[in-house]
Structure formats: C-alpha cells, structure tokens
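Please read the structure below before turning to the comments.
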Amino acid sequence: MERQSNTLPGLPAWGRCAVMGILNVTPDSFSDGGSWLDPGRAVEHGLALATQGADVVDVGGESTRPGARRVSADEELARVLPVVRGLAREGVLVSIDTMRAEVAEAAVDAGARIVNDVSGGRADDRMAKTVARSGVPFVVMHWRGQSDAMDELAEYEDVVAEVAAEVERQMDAVVSAGVDPTQVIVDPGLGFAKGRRDDWALLAALDAWHTLERPILLGPSRKRFLGELLADPATGEPRPARERDHATAAAAVLAAAQGAWAVRVHEVRATADAVRVEAALRAHRPAAGRWALHRSR
Ligand code: PMM
C-alpha cells in the first residue's frame with residue numbers, strides 16, 4: 001500500500017515516526033494519575049519529555065481510562081491552560097487532548113498546535129467547527145462512547161474493517177463541518193471500546209490504514225493488552241502499568257515500521273530511540289525493497 005507523505009500543514013516533517021509524549025494533568029489517569037497536577041511540575045515534566053526526544057507533548061486534563069467519570073469544563077480548563085501556555089512559551093510543540101470544543105479553543109489560543117480528541121468530534125457537536133476555525137491539525141480517533149460505557153461497546157465481527165470504516169465516516173463528518181481534510185490525523189483508538197484481541201488485530205493491520213490516505217497516530221502506551229501479555233505467570237495478574245514501557249517501545253516500533261506518523265507514549269526515551277532505529281533501517285533498505293543475493297552454485 002502506498003504510504004501518504006506523513007506531513008501536516010504547519011508542522012515539521014520529522015522524516016521518521018514522531019513521538020508524542022503524554023502529560024496527563026489529572027488525579028486519576030490509569031498509569032500516571034496525580035503525578036503532574038501541580039502546573040509548575042507539569043511544565044517541568046513536559047520540558048523533560050521534550051529533552052528526552054518528544055517531538056510533541058500531548059497535554060490532557062481529563063482521564064479517559066475505562067470507567068472514568070467526566071470532569072467539568074472549568075476544572076479541565078484550570079488544569080490544562082497554565083501547562084499549555086508554559087510549554088508553548090518554551091517552544092514546545094503542544095497538542096491538547098480534549099473532547100470539549102471550549103477547551104480546544106482556549107488551548108489553541110494559549111499556544112497548542114494540534115487538537116487530539118479521543119472522540120473524533122463526536123462528544124461535542126461544536127468541536128469540528130471550532131477546530132475548522134482554528135485551522136490546526138485534528139486527531140480523529142475511533143470512539144464508540146464515553147469511558148464509563150465503552151467496555152460494553154467492544155463488539156466486532158471484523159474489528160480492522162469496522163474501526164477503519166467508522167473512522168472514515170467520522171472523517172467525512174468533520175470535513176463536512178469545515179475541517180480541512182489535509183489537517184486530519186487518524187487513530188484506531190487502542191483500548192477504547194476494544195478488547196485485548198481487538199488491540200492486537202489493529203496493531204497487526206495498521207498498514208491497511210494507509211487506504212485512508214491520512215497520517216496515522218497510535219497510542220499503545222502501557223495499555224491493558226500489553227499488561228495482559230506480560231501477566232505474572234504464577235498469579236495471572238497483569239503487569240503493573242508503569243512496568244509496561246519496554247513493551248510499549250516494541251509496539252511503537254512495530255507501528256513505525258508500518259508507516260505510523262506518530263506514537264503517543266508516557267516514557268519517551270526508549271521509544272524516541274526505537275523510532276530512530278526503525279528510520280535508519282528503512283533508509284538502508286534498497287529501493288526495490290529486498291536484497292538480491294547471488295549464490296555461487
Ligand atoms: N489514549 C489515551 C488518551 N488519549 N489519544 C489518542 N489520540 N490516542 C490514544 O490511544 C489515547 C489518547 C488513554 O491513555 P492515557 O490515559 O494513558 O493518556
């Protein structure tokens with residue numbers, strides 16, 4: 001499958017899979033909740049992620065872990081705005097992880113340059129028009145419902161085909177609302193209304209997503225499918241979230257090898273190194289895509 005150029009208007013062309021570092025300014029995210037609630041500490045952590053190799057820092061003020069309840073818009077704004085402003089002032093490329101148009105608009109005014117909406121514009125009808133006005137790239141992730149209900153919505157016959165078709169429909173919807181099609185980034189939404197087997201199937205088939213002709217973002221970081229893969233053999237308990245970073249880097253490099261535009265991760269350094277290894281390998285491949293070895297007999 002022909003891969004699209006992986007460039008977006010107004011953003012750098014990294015020439016490899018980009019790394020989006022996660023900065024959750026929340027008390028309850030599943031793996032880093034509570035660590036960065038203080039705005040000063042959050043900005044410091046965002047700067048550290050950039051130093052470790054994050055090309056983008058994704059700031060979120062509302063947890064989307066399975067079962068999570070929503071916070072008010074005021075609370076979300078109070079959490080994210082000082083952090084977005086502080087990082088943008090330091091020259092960090094910031095994306096805002098929000099399902100609210102009001103938060104997206106205020107964050108772009110504060111310096112965010114990408115809107116990452118896990119609902120792809122479905123949770124707030126004003127989102128697509130707001131993003132269209134702002135003119136920044138927009139992540140349309142696969143989403144079937146809010147976190148307190150999403151586990152029951154993980155029913156598929158052919159997860160790869162259905163998830164891609166639903167994202168394509170949502171892409172059409174946001175473009176009808178005025179979003180420039182060249183600004184859309186697509187994301188299969190690992191862990192969102194997905195079972196463990198669904199996540200593996202989506203990662204295995206990421207290459208097929210190039211039919212959508214849009215840059216692909218993938219968020220495997222510390223997710224349940226990795227925890228279950230690495231479960232304790234004696235107890236069957238999933239590996240704790242903070243001990244899933246090596247597996248995350250491996251999943252990230254597999255996404256990069258399938259042409260992902262970016263991967264979204266908590267622990268940046270390992271993945272930043274891994275995507276560079278993938279890019280170097282690609283640069284050393286012959287144009288025809290395979291080596292011709294000549295046997296002497
Ligand atoms: N996953 C989470 C939050 N935001 N955004 C995108 N685009 N893709 C994802 O897979 C994604 C996301 C949940 O993970 P977290 O609570 O650790 O941030």
Side-chain angles (χ1 to χ4, degrees), residues 8 17-37 42 45-46 49 54 56-71 76 79-80 83 94-100 103-104 107 112 114-123 127 131 136-144 146-148 150-151 163 167 170-171 174 184-194 198-199 202-203 206 209 214-227 240-242 244-245 247-248 251-252 255 260-268 271:
L8 286 146
C17 179
V19 179
M20 182 183 268
I22 301 172
L23 181 45
N24 285 322
V25 192
T26 57
D28 56 344
S29 287
F30 78 97
S31 83
D32 56 351
S35 302
W36 321 114
L37 255 183
H45 183 59
L49 293 176
V56 181
V57 173
D58 190 39
V59 178
E62 181 174 55
S63 170
T64 51
R65 74 167 202 287
R69 297 254 175 81
R70 302 218 58 191
V71 296
E76 194 183 343
R79 289 178 185 174
V80 297
V83 182
V94 175
S95 71
I96 177 71
D97 186 345
T98 185
M99 288 186 276
R100 287 195 169 98
V103 176
I114 300 173
V115 173
N116 173 25
D117 178 357
V118 298
S119 83
R122 294 181 60 198
M127 180 63 99
V131 174
V136 301
F138 184 44
V139 178
V140 173
M141 198 191 84
H142 179 257
W143 187 85
R144 284 186 164 181
Q146 294 292 352
S147 301
D148 56 0
M150 68 184 177
D151 280 350
V163 168
V167 166
Q170 190 55 23
M171 241 167 77
V174 304
V184 173
I185 298 161
V186 293
D187 184 333
L190 297 184
F192 286 80
K194 313 284 181 326
D198 301 324
D199 286 337
L202 289 163
L203 175 58
L206 201 63
W209 280 60
R214 299 306 314 139
I216 302 161
L217 171 65
L218 196 75
S221 196
R222 298 180 178 174
K223 285 191 177 162
R224 196 163 45 182
F225 75 116
L226 298 176
R242 284 170 186 265
R244 301 174 188 169
D245 290 328
T248 296
W261 165 74
V263 283
R264 180 181 178 279
V265 296
H266 297 88
E267 203 284 307
V268 161
T271 292

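Worth knowing before you read on, the calculation uses all heavy atoms, side chains too, and leaves out hydrogens, waters and symmetry mates. We count ligands from 1, going down the list as the structure has it; atoms in each ligand are counted the same way.
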Would you call [X] and [Y] a side-chain contact if the rule is heavy atoms closer than 4.5 Å?
X: Lys194; Y: Leu202; value: yes
X: Val115; Y: Ile96; value: yes
X: Met141; Y: Asp117; value: no

Is it the case that the side chains of Thr98 and Glu76 hold a donor-acceptor pair, with the cut-off being a distance below 3.5 Å and no angle test? yes
Counting from 1, what ligand 1 atoms have a heavy atom of [X] closer than 4.0 Å?
X: Met141; answer: 6 (C), 8 (N), 9 (C)
X: Val118; answer: 4 (N), 5 (N), 12 (C)
X: Phe192; answer: 1 (N), 2 (C), 11 (C), 13 (C)
X: Asp187; answer: 6 (C), 7 (N), 8 (N), 9 (C)
X: Val139; answer: 7 (N)
X: Asn24; answer: 15 (P), 16 (O), 17 (O), 18 (O)
X: Asn116; answer: 5 (N), 6 (C), 7 (N)
X: His266; answer: 17 (O)

Can you tell me if Arg214 uses its side chain to pair, donor with acceptor, with the backbone of Val184 under 3.5 Å? yes
Could you report the tightest heavy-atom contact between Ile22 and Ser221, atom names first, then the distance? CD1-CB, 4.1 Å
If you compare all heavy atoms of Met171 against all heavy atoms of Val140, which two are closest, and at what distance to 0.1 Å? N-CG1, 4.4 Å
Would Asp97 and Arg264 pass as an ion pair if we require N to O under 4.0 Å? yes
Please say whether [X] places an N or O atom under 3.5 Å from an N or O atom belonging to ligand 1.
X: Ser221; result: no
X: Asp58; result: no
X: Thr64; result: no

Between Leu217 and ligand 1, which part of the residue brings a heavy atom under 4.0 Å of the ligand: side chain, backbone, both or neither? side chain
Below a 4.0 angstrom heavy-atom separation, can you tell me which part of Arg222, side chain or backbone, both or neither, approaches ligand 1? neither
